[in-house]
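Since the structure comes first, as structure tokens, the remarks are kept for the end.
First the proteins, then the strands, lettered A, B, ... as listed; each starts at 1.
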There are 2 protein chains.
Amino acid sequence: MVIIVTLKDIAKEANVSVMTVSNVIHKRKAKVSEKTEKKILEIIKKYNYTPNMSARSLVNNSSKLIAFILYQNRKDERNLFENPFNTEVLAGVDEVLKENDYYLLVQSVSTLEEIYLIIKTWRAAGVIILGILPNEVSHLKGNIDTPVVLIDTIIPNEAGSIYTVGIDDRDGFRIATEHLIANGHRDIGFVSYSRILGGVDEQRYLGYVDVLEAHGIEIIDDRIFRYNKDEMNMDEFCNEIAKKKNLITGLVFTADFLAIEVMNSLRSKGITIPDEISVVGFDNLSISKFVTPKLTTVHQDITTKGKEAANILLEVFKENESDRSGIKLPVQLVERESVKNIEFEK
Amino acid sequence: MVIIVTLKDIAKEANVSVMTVSNVIHKRKAKVSEKTEKKILEIIKKYNYTPNMSARSLVNNSSKLIAFILYQNRKDERNLFENPFNTEVLAGVDEVLKENDYYLLVQSVSTLEEIYLIIKTWRAAGVIILGILPNEVSHLKGNIDTPVVLIDTIIPNEAGSIYTVGIDDRDGFRIATEHLIANGHRDIGFVSYSRILGGVDEQRYLGYVDVLEAHGIEIIDDRIFRYNKDEMNMDEFCNEIAKKKNLITGLVFTADFLAIEVMNSLRSKGITIPDEISVVGFDNLSISKFVTPKLTTVHQDITTKGKEAANILLEVFKENESDRSGIKLPVQLVERESVKNIEFEK
DNA sequence: CTGAAAGCGCTTACAG
DNA sequence: CTGAAAGCGCTTACAG
């Protein structure tokens, strides 16, 4: 049976005070003789003593809990845990926290208030947030002194207890777009989810623009596609793309997930990929190599994002600051089968 | 700023005792006059008072925390949160818990001891476990009195505080196998992960056998493939299948994830699907409709598994028992493109 | 209807 | 080196 033993029980059996036991648990070697320490350690082991975190959190006014928040203020019938990107980040967080005796409290929320509530309720030691918009960060900053790390949110300057981890989105998208150029494409379209001011997609769009401008190619509105679920469904959206077929030889996507859905729909409309339209994705989800054609994409190490977020928090707990914050994780092109070289066709 | 206010602060401002405040929070209407209640409620609202869960857990000797455990005792470099099946269950748990003021503590573990540790450390109110083997359940049963619900673990009888949710695996696999029969197949192979005694795959195998026997088809060892990662890699495994190509017209898989990987590998070996081999999966992952050919599979509602697990726990907290336990969620065939009708070819 | 008291399991000064 | 005391924020009998 899982028997629950308290400090008091250990103290009684060892014939010492509760706080001597506390001292050996906290390894304050100077405060207790080797002999007593050994005796106490044995009893602790014998009963497999585990400290009660509630009691600890209460006196410390802080728990060993890290809140992992999936945030989305727009309503969406899909639970955010169904998105593999989010849960791959979670995988990374889980891995480093459990090796450092911190625990993971997870929740998907749709308001900032819910985040504050969790922090207050559990006196969370730190918070990791996915999906918060740049313009909401100042509200956060004004309300929290718990360390927070934001994943994939771009903020002008990191002040106070706000830290970030991300990738170089703009450069990543230059890589994607250059790959199409290198394969002879000039009529290149851009596909993303609906526009969010200051979000990562904006940076990626800039990367797209950078490359076209560098090659003297005009940016044409008709080649920009933004998928807004509230306005139309996937099929209608792909009809829009199909209509512009003749203006496009290649498409860069801000997310593999979106690219996969669109490819699937375009194919059902009789458009062949990559013969008629080449496709470059972004993320390199684990499923991207199983779709047809196998998706050429820009790889980012999603799990590492989670690991870094956790490491930043750990560093802040220890040193009260972190120089890992603001890091941009590397990205890398992964060539597969969704891009056709059309250099010699013209 | 997120200001942290305690019962004592509220009591002082309201000129009442701490426990009168406590009484209004717990809605013990009989114990406090309407007038005082109203006054206190206003102050609570004004300061946005949030109870400190650590303090509550300490006095109650139980927290509002549900531990969601991903368990796997074999070593594997993949983190369990990278498996979409697991996180879709998590999505369901998240949804019901957050509407009932319970919180979700998640961790992937590789020993039962780690599970006990989490329960003791946090005085978890309940536990949800994925991936525990039938023969480990008795150990669990002997050691825990916290309510536990097991997902996809088959146990002989539900006793004590152990509850289960699952599907009818045997019948689900009959459906998969019958579909191949209905399309003219008789040389049907079975593909699963490595054998686990008493696991869901064993039930699925029995469903496979049921159907073949009902149709007078002999069960042939050469048509049974078990993928054991420790023994060989995916490529080698698919070579084994390719070798037996002539013994097989169709394959039933115990998991879409496995089916997708195998299809991919077989194709790279020049085997066309479904022309040479038809494939039926199991699970209906959200990615299964995007692979080529689109996977025909047996759908199960994974998110509902998580919801039901959470609901069982909630019911046990309230009524001290649950009649939802042991439920088998429905399954359903989803026809797509990975099965060829060969009835008229022979 | 209202409140004083004890206690949950721990930690942190402080005294010896 | 060891321990008695106070307190973290809450709840639960119990007394009035």
Quickly work out the [X] [atom1] to [N] [atom2] distance and round it to whole Å.
X	N	atom1	atom2	answer
B:Lys12	D:dC10	NZ	P	14 Å
B:Leu7	C:dT2	CG	P	16 Å
A:Asn61	C:dC10	CG	P	18 Å
A:Arg56	D:dC10	CZ	P	21 Å
A:Lys29	D:dC1	NZ	P	12 Å
B:Asn23	D:dA15	CG	P	17 Å
B:Met53	C:dG9	CE	P	19 Å
A:His26	C:dA13	NE2	P	12 Å

Spell out, as yes or no, whether a donor-acceptor pair under 3.5 Å connects the side chain of [X] to the backbone of [Y].
X	Y	result
B:Ser57	B:Met53	yes
A:Lys39	A:Glu34	no
A:Asn79	B:Ala91	yes

Among B:Thr153, B:Leu130, B:Ile115, the one residue meeting side-chain contact (heavy atoms from CB on, under 4.5 Å) with B:Tyr71: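 Between B:Tyr71 and the candidates, side-chain contact (heavy atoms from CB on, under 4.5 Å) is satisfied uniquely by B:Ile115.
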Using a 4.0 Å heavy-atom cut-off, does [X] contact any base of the nucleic acid, only the sugar-phosphate backbone, or nothing at all?
X	answer
B:Arg28	sugar-phosphate
A:Thr36	sugar-phosphate
A:Asn52	sugar-phosphate
A:Val18	base

Phosphate-side-chain proximity, [X] and [N], N/O vs OP1/OP2 below 4.0 Å:
X	N	value
B:Ser54	D:dG9	no
A:Tyr49	C:dG9	no
B:Ser22	D:dC10	no

A:Ser17 vs A:Ala55, nearer the 5' end of DNA chain D by closest nucleotide: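 Whichever sits nearer the 5' end wins; that is A:Ser17.
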Closest-nucleotide 5' rank along DNA chain C - winner of B:Asn15 and B:Leu58: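 Of the two residues, B:Asn15 wins.
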Nearest-nucleotide 5' precedence on DNA chain C, B:Ala30 against A:Met19: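 Checking each residue's closest nucleotide, the 5'-ward one belongs to B:Ala30.
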Side chain of B:Lys8 - closest among D:dC8, C:dC14, C:dC10: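 Of the candidates, D:dC8 comes closest.
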Residue A:Asn60, side-chain atoms from C-beta onward, closest of D:dG9, C:dT12, C:dT2: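 Shortest atom-to-atom distance from the side chain points to C:dT12.
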Interatomic distance, B:Ile119 atom CD1 to A:Ile4 atom CD1 [nearest 0.5 angstrom]: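 Spacing of CD1 (B:Ile119) from CD1 (A:Ile4) equals 9.0 Å.
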Counterpart base for D:dA4, defined by Watson-Crick or G-U wobble contacts under 3.5 Å: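 Per the H-bond distance test, none.
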Parallel, tilted or perpendicular: ring planes of A:Tyr116 versus A:His139, cut at 30 and 60 degrees: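 A:Tyr116 vs A:His139 ring planes: parallel.
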